[in-house]
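Just so it is clear: chains get the letters A, B, ... in the order the sequence lines come, proteins before strands, and each one is counted from 1.
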Amino acid sequence: MQELINRAKELLADGTVARVLGWKAGDLPYNPEPAYFEKEEDFENFVYNGFCGANLSKYMIEASKLEGKTLVCLKPCDTYSFNQLIKEHRVDREKAYIIGVGCKGKLDIEKIKGMGIKGIESISGAEITDGADTLTIQTLYGEKTCSYADAMLERCHVCKGKEHKIYDELIGESKETKDAERFDSVAAIEAMSPEEKFAFFQKELSKCIRCNACRNVCPACSCRKCVFDSNKFDSSQKANVDSFEEKMFHIIRAFHVAGRCTDCGECSRVCPQGIPLHLFNRKFIKDINEFYGEYQAGEDTDSRGPLTDFTFDDVEPGIVAERG
Amino acid sequence: MNTPKKQAEMIKEISGVNPLKCMKCGKCSASCPSYNEMDIKPHQFVSYVQNEDIESLVNSKSLWKCLSCFACVERCPRDVKPGKLIDAARQLVVREKGGDYLMADEIPELLDPELPQQLLVSAFRRYRR
Amino acid sequence: MSIETKEEFRPKIVAFCCNWCSYAGADLAGSSRLSYPADVKIIRVPCSCRVNPMFILRAFEKGADGVILCGCHPGDCHYSTGNYYARRRMTLLFSMLDYIGVENGRTRVEWVSAAEGVKFSTTMNEFVEKVRSLGKNVRLEDLRCRN
Amino acid sequence: MQRIGVFVCHCGSNIAATVDVKKVVEMAKMEPGVVHAEDYQYMCSEAGQSKIAEAIKNEKLTGLVVCSCSPRMHETTFRKAAERAGLNPYMVEVANIREHCSWIHKDMEEATKKAVILARAAIAKVNLNASLKPGESLVTKRALVIGGGIAGIQTALDIAEAGYEVDIVEKTPSIGGRMSQLDKTFPTLDCSACILTPKMVEASAHEKINIYTYSEVEKVSGFVGDFTVDIRKKARSVDMDKCTGCGVCQEKCPSKKNSNEFNRGLNTRSAIYTPFAQAIPNVPVIDRENCIKFKTGKCGVCAKVCQAGAIDYEQKDEILTEKYGAIVVATGFDTIKLDNYDEYAYNQSKDVITSLELERIMNAAGPTKGHLERMSDGKAPKNMVFIQCVGSRCADKRGKSYCSKICCMYTAKHAMLIRDKYPDVNVTVFYIDVRTPGKNFDEFYRRAVEEYGVNYIKGQVGKVAPQPNGQLLVQGVDLIDNKQILMEADMVVLATAIEPDPSVRKIATMLTASIDTNNFLTEAHPKLRPVESPTAGIFLSGVCQGPKDIPETVSQAGAAAVKAIGLLAKDKLMTNPCTAKSDELLCNGCSTCENVCPYGAITYEDKEVNDHGIRETRRIAVVNNALCQGCGACTVACPSGAMDLQGFSNRQIIAEVDAICR
């Protein structure tokens with residue numbers, strides 16, 4: 001982390017960048033938040049550890065409008081989002097100085113709490129320089145430990161790889177975290193009967209409180225004005241008023257980002273109700289891969305997205321029924 | 001037996017043939033190897049079913065003279081398949097009478113070693129329940 | 001007629017038809033007097049690619065029991081490529097609906113040319129039959145407005 | 001709020017017999033925005049239209065809903081009526097209660113209910129309609145004719161005579177098409193070449209006509225009045241300007257065993273060839289697949305003997321890009337393949353031929369120099385059998401469902417010509433029906449029977465079996481005598497079904513012109529617009545639209561020409577105002593819409609916007625109204641809903657959905 005801070009200060013000092021976009025410590029040991037750092041003294045709060053899950057790409061939309069370059073710290077998976085935003089002309093590559101930061105998997109505090117660890121005072125073992133094997137947690141009730149992998153976000157278990165797709169320089173080491181298949185969870189739902197599927201999503205989605213956190217954090221959901229806030233479709237709404245609307249909202253949201261979603265997993269990470277929202281996006285990705293060939297949004301900045309492309313012999317929509 | 005109308009419906013159902021599709025070109029009769037032995041000709045099967053005169057059809061010689069070679073079925077340009085109609089009429093008789101045209105014991109006597117296999121198969125198709 | 005048949009379930013079906021092929025195909029079905037159930041109501045759109053998934057979900061929300069989209073055959077789109085995009089969009093949307101447990105018989109895409117009045121009518125007959133067999137759409141409907 | 005008038009048409013009894021129009025009027029009056037509703041016998045009539053005009057004036061209507069026949073039929077009529085009465089034509093919507101309702105439903109209650117819902121949907125839409133103004137686009141005063149047969153030649157001549165430039169693109173080395181392969185024409189028996197050749201010469205000499213032979217259309221973009229077409233001029237390997245057409249190269253060419261397409265493969269030709277003597281242009285092409293020089297690199301005989309030095313082995317395909325205001329398709333036909341008709345032994349015997357092959361045999365320039373003889377042994381036939389409807393009128397996959405229309409007449413012609421020239425030849429025709437609608441057609445057929453003694457048998461042939469003695473055993477049926485017939489024939493002629501030339505599929509796709517299940521191009525209206533494609537600016541000439549004989553083809557060619565001239569005569573066209581429009585405050589500038597636009601109508605501009613007080617420069621999608629055709633692909637691709645389609649807006653369609661599901 002110190003290496004990162006030193007380099008950031010250096011670039012600020014020599015005028016290469018006008019500000020630094022990173023994470024600052026929060027009020028609790030596990031909730032750092034995205035922040036700008038413009039002066040040397042700001043860096044006191046700068047952190048980069050296992051809890052820095054937030055994808056900073058989306059902040060670059062606004063940062064691109066500011067004077068001068070912005071140094072942005074991007075984890076390997078965040079670079080996919082950044083590429084996708086370049087493709088959509090939402091961020092200005094010239095306005096960004098990208099430091100690709102290493103990643104050893106990001107942590108999910110809900111998982112730690114789920115292990116019965118309460119009253120957390122501090123956590124060690126989550127620094128980027130640590131081995132990412134074990135977490136030691138000081139709690140009101142004494143010291144507890146847990147394995148790093150057990151506390152990881154779902155998305156890190158199905159990591160796309162620790163290679164940065166776009167950067168100006170790289171700092172920090174990474175560690176492979178993939179130990180599960182990305183589409184297994186989707187396939188498990190696909191195998192259910194229609195009744196089970198419906199019951200599953202009914203249960204999950206009825207938790208939705210329409211806080212819009214998923215939409216606000218999503219780098220693909222970067223519309224100036226969301227269709228659910230405009231009068232273009234007679235669909236504007238601020239809260240759920242019936243059981244269908246949450247489904248409508250989430251299906252349309254997933255459809256709007258289909259072919260553009262990099263599967264960064266931010267939606268699921270930020271959902272206060274713990275809804276596995278990535279299951280929607282990943283279903284689309286799985287279908288796209290199966291129907292139209294492997295496609296990873298954000299892999300590059302110039303390929304055609306699957307929904308703005310076609311071949312003459314694409315599968316017919318009837319495939320859905322045929323597949324059973 | 002049932003009313004002529006029901007019989008005709010049954011033939012249509014068994015054969016899966018829609019006689020209304022016939023354009024009366026006669027290609028079935030032109031293709032038929034047993035044409036000369038038949039009293040009702042293949043192209044007429046269609047109109048007999050259409051006119052619901054199943055009685056004449058089931059009592060005709062043609063019923064048993066058809067070789068079931070299905071040349072007419074193969075070549076019919078309108079997908080009407082007169083061979084299937086006569087096949088269905090035969091089914092009707094076989095089902096109705098409860099008796100077969102030939103007894104199994106009689107067959108060996110009638111066999112000619114020169115006969116092609118296909119004919120035997122079609123004979124079984126016709127004469128067995 | 002028994003009471004049961006009187007109260008037979010009549011589905012609400014929305015059919016989106018592209019102006020150039022399928023709407024003309026529906027016109028041909030009409031002028032050829034090829035009947036299909038009155039449950040089908042057609043909305044004219046310029047091209048199958050004009051149909052936004054929002055429209056389909058909206059129809060379900062408002063109580064439709066089935067939604068069918070008809071367009072020109074692939075390769076024959078009046079706008080060259082519209083139906084190719086529609087094909088991808090609808091494949092993914094239908095797959096998603098299937099994934100969340102909505103019976104896939106309630107959605108269908110059929111390519112009907114201006115010359116295929118017969119196909120239009122048989123497609124609609126089949127589709128209505130299918131939706132009837134599935135019964136009322138209760139999974140996507142906004143129940144609040146119904147009861 | 002709109003002030004909407006609803007007009008319900010009885011269409012005589014077409015609608016009123018199954019839809020309770022009074023009930024529709026009554027229900028419509030209860031819909032929001034509706035201030036006036038009435039019904040009338042014939043809304044499209046003069047009287048009906050003036051009712052609309054009166055209501056617009058008296059009730060100060062701002063929107064109209066006409067419940068009548070399909071909008072494809074009378075939308076324009078009602079829009080024009082509204083415009084004359086001072087209402088913007090795009091404030092009119094049509095509820096289709098005839099084709100989509102009264103004609104398909106029998107139960108009055110049910111049909112009326114549906115009509116009410118359809119009216120309701122249209123009213124809901126009109127409530128959200130906005131006045132639209134069409135734009136203008138310029139017309140390129142030049143026409144393209146695809147296909148250089150009699151249809152294409154006639155169309156080109158007629159357009160050129162009206163004073164417009166025309167280009168003909170023909171894929172074979174010469175214009176002339178199928179008609180140049182025919183010997184005589186029915187029902188007058190004049191020689192085909194004698195009437196066609198002068199037309200070919202006239203076309204090639206016309207100063208307004210430019211002919212590209214051995215060329216194909218490669219790519220088409222643009223729209224009515226302004227098409228851009230790429231034409232591939234295939235390498236001829238002979239310099240058109242230098243060649244004198246002396247023919248020495250063809251004589252000396254050592255590769256002579258190549259199937260002669262013009263003679264339907266009945267004999268052979270050299271690798272450098274002109275398809276026939278009267279070919280235009282009279283410049284040979286080198287068939288590179290069979291040329292020894294191209295295959296082995298050695299030979300070059302033609303170059304050596306050519307005094308004009310016209311042979312050019314290095315020639316390359318050339319792509320020309322031209323602009324046109326109108327395109328006429330005249331791609332013609334071919335006979336179907338007979339591979340699936342084993343019973344007629346076409347692939348087994350050389351003496352079973354198609355009628356088009358017989359044309360070549362009968363022709364003095366054909367493979368037998370006009371002598372009627374068997375292709376197997378050159379003997380003169382004594383007994384000939386003609387079989388009608390081979391592959392026509394078939395419900396199965398082997399053939400075509402339609403009647404090929406020309407076979408009855410050309411068979412009568414063949415039979416008559418043979419009996420006339422070779423009175424000792426017996427001619428038997430097996431037919432299903434003899435169809436002779438046309439001027440002097442039935443008389444012609446009767447002459448074949450009565451004066452020339454052609455034996456017509458009503459019935460079909462089941463099988464043609466080649467015999468060891470070279471004869472053909474024909475097994476047929478006489479349905480009148482109820483007899484099966486077995487006869488020996490020396491030659492059997494199959495009246496083979498015709499189908500659109502296979503190249504038409506690709507061309508139709510390029511032109512976005514619709515084709516039917518048989519690959520015939522669809523007309524804009526089967527009765528009232530038979531020579532226009534539904535795609536604006538595309539016209540149909542000849543058999544590409546449906547089977548027809550020469551006089552019909554020539555009339556249609558003229559009609560297509562007139563339609564094209566009508567278009568070219570205009571300086572400007574009104575463009576469809578139902579185009580996409582981007583809301584600059586919602587646009588993300590993400591380029592997604594640009595990727596799906598088939599017309600390249602969307603570009604991006606950096607534009608200063610005022611978003612509720614925030615002034616900033618944004619990258620924003622801009623639609624070129626002259627290029628946009630209004631498909632709406634962009635509207636769905638747009639995630640923010642910034643892109644919307646005028647006349648079919650998101651809110652309008654949703655209003656229709658809501659009205660239907662209510």
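Taking the six-membered ring where the residue is Trp, A:F201 and C:Y99 present tilted rings, their angle falling between 30° and 60°.
Counting non-hydrogen atoms of other residues, nucleotides and ligands closer than 6.0 Å to NZ of C:K130 gives a total of 12 or fewer.
For the pair C:R88 and A:Y292, the cation-pi test (distance below 6.0 Å, angle within 45°) is passed.
Contacts of A:T308 with chain C are made by backbone atoms alone, with heavy-atom separations under 4.5 Å and no side-chain atom involved. Only the side chain of C:L97 comes within contact range of chain A, with heavy atoms under 4.5 Å apart. Using a 4.5 Å cut-off between heavy atoms, A:F200 makes no contact with chain C at all. The contact between C:P74 and chain A is made entirely by side chain atoms (from C-beta outward), counting heavy-atom distances below 4.5 Å. The contact between A:D313 and chain C is made entirely by backbone atoms, counting heavy-atom distances below 4.5 Å. Residue contact with chain C, scored on non-hydrogen atoms closer than 4.5 Å, involves the backbone and the side chain of A:E195 alike. Contacts between A:F255 and chain C at a heavy-atom distance below 4.5 Å involve the side chain alone, from C-beta outward.
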| request: Verify side-chain contact (heavy atoms from CB on, under 4.5 Å) between C:L57 and A:I251, making sure each step is shown before the conclusion. | output: CA-CA 9 Å; C:L57 296 183; A:I251 297 170; 3.9 Å; yes

| Between A:L307 and C:Y85, does a side-chain contact (heavy atoms from CB on, under 4.5 Å) hold up when you go through it step by step? | CA-CA 7 Å; A:L307 275 170; C:Y85 295 120; over 6 Å; no

| request: Please assess A:F280 against C:I100 for the test side-chain contact (heavy atoms from CB on, under 4.5 Å), listing each intermediate value before the final yes or no. | output: CA-CA 9 Å; A:F280 284 102; C:I100 65 161; 3.8 Å; yes

| task | Go through the steps to decide whether A:F291 and C:L92 satisfy the test side-chain contact (heavy atoms from CB on, under 4.5 Å), and finish with yes or no. | result | CA-CA 9 Å; A:F291 297 148; C:L92 292 180; 4.2 Å; yes

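Contact annotation: the side chain of A:E316 never approaches that of C:T91 to less than 4.5 Å [non-hydrogen atoms, C-beta and beyond]. Taking the side chain as every heavy atom from C-beta outward, C:Y84 and A:D314 never approach each other to under 4.5 Å.
Between A:T311 and C:R87, the closest heavy-atom pair is O-NH2, 3.2 Å.
Rounding to the nearest 0.5 Å gives a distance of 11.5 Å between CE of A:M248 and CZ of C:F60. For the atom pair CD of A:E190 and OG of C:S95, the computed distance is 6.5 Å after rounding to the nearest 0.5 Å.
When each of C:E103, C:M96, C:R108 is checked for heavy-atom pairs under 4.5 Å with chain A, C:M96 comes out on top.
The pair C:D98-A:K197 meets the salt-bridge criterion, with a side-chain N (NZ, NE, NH1 or NH2) lying under 4.0 Å from an Asp/Glu carboxylate O.
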